[in-house]
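In this text, all values refer to a predicted model and were calculated from it rather than measured experimentally.
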Amino acid sequence: MTTINGSDVSKVVIACDAGMGSSALLKAQLAKSLAPYSVTVVHTAVNKIPADADVVLCHQGLADRARKSVPDTVVLPFQMFIGDPVFAKLEAAIKAGEPIAG
């Protein structure tokens, strides 16, 4: 399991199977909520996760592929694209500078 301090997060990547669709909507939502903390949010296909990602968010069915793609990066799986508790937990950890593990 990889860990990063919330205050060290500068780039969050939302990874999906094709890099489009629901992840684009989630990207817009998170970009707005994480903007006050100077965090960049991007979306991409799970097999094209950039090496400079600090945290990767992906549907739970893609988590293993994401971890293989970026083994030293925190990967947080979720079940629902809208309203999943992992998004609020991520924002709270970034705001408070608390550890994020995944």
Side-chain angles (χ1 to χ4, degrees):
M1 185 170 285
T2 305
T3 304
I4 188 170
N5 190 298
S7 60
D8 294 331
V9 175
S10 62
K11 186 172 189 176
V12 172
V13 174
I14 298 141
C16 71
D17 216 9
M20 300 170 65
S22 300
S23 64
L25 178 63
L26 178 57
K27 180 230 178 244
Q29 176 188 344
L30 285 178
K32 184 176 180 180
S33 67
L34 297 179
Y37 315 109
S38 300
V39 175
T40 301
V41 181
V42 300
H43 67 94
T44 187
V46 72
N47 61 342
K48 294 184 179 182
I49 299 170
D52 64 345
D54 295 311
V55 175
V56 174
L57 294 166
C58 63
H59 191 271
Q60 65 185 14
L62 299 174
D64 288 341
R65 286 174 56 195
R67 287 184 180 107
K68 287 178 184 171
S69 180
V70 284
D72 297 325
T73 302
V74 172
V75 175
L76 301 176
F78 59 86
Q79 293 181 8
M80 302 173 292
F81 276 91
I82 303 297
D84 196 284
V86 75
F87 308 135
K89 289 178 184 178
L90 174 63
E91 182 179 355
I94 290 171
K95 180 179 180 180
E98 295 175 344
I100 303 165

Hphob cluster co-occupancy, Leu90 + Val75, side-chain heavy atoms under 4.5 angstrom: no
Partners meeting ring-ring contact (aromatic ring centres under 6.0 Å, His included) with Phe87 (sequence neighbours left out): Phe78
Side chain to side chain donor-acceptor pair (under 3.5 Å) partners for Asn5, two or more places apart: Ser7
Given Thr73, Val42, Val55, Thr40, the one that forms side chain to side chain contact (heavy atoms under 4.5 Å, CB included) with Val13: Val42
Side chain to side chain contact (heavy atoms under 4.5 Å, CB included) involving Asp52 - partner list, sequence neighbours excluded: Lys11, Pro50
Same apolar cluster (I L V M F W Y, side chains within < 4.5 Å links), Tyr37/Val86: yes
Partner residues of Ser10 under the side chain to side chain donor-acceptor pair (under 3.5 Å) criterion, sequence neighbours left out: Asp54
ILVMFWY network linking Ile4 to Val12, side-chain heavy atoms under 4.5 angstrom: yes
Interatomic spacing from CD1 in Ile94 to CD1 in Ile100 - rounded to 0.5 Å: 5.0 Å
By side chain to side chain contact (heavy atoms under 4.5 Å, CB included) - contacts of Pro99 (at least two apart): Thr3
Option among Leu57, Leu34, Leu26 that satisfies the side chain to side chain contact (heavy atoms under 4.5 Å, CB included) test with Val41: Leu34
Smallest separation among heavy atoms of Glu91 and Ser33, with atom names: OE2-O, 3.4 Å
Where Ala15 and Val46 come nearest, the two heavy atoms and their spacing: CB-CA, 3.9 Å
Euclidean distance, Leu25 CG relative to Leu30 CG, rounded to 0.5 Å: 9.5 Å
Cut-off 3.5 Å, no hydrogens considered: what does the side-chain donor-acceptor table look like for residues 60-71, sequence neighbours left out?
from  : atom 1 : to    : atom 2 : distance (Å)
Gln60 : OE1    : Gln79 : NE2    : 3.4
Arg65 : NH1    : Asp17 : OD1    : 2.8
Arg65 : NH2    : Asp17 : OD1    : 3.4

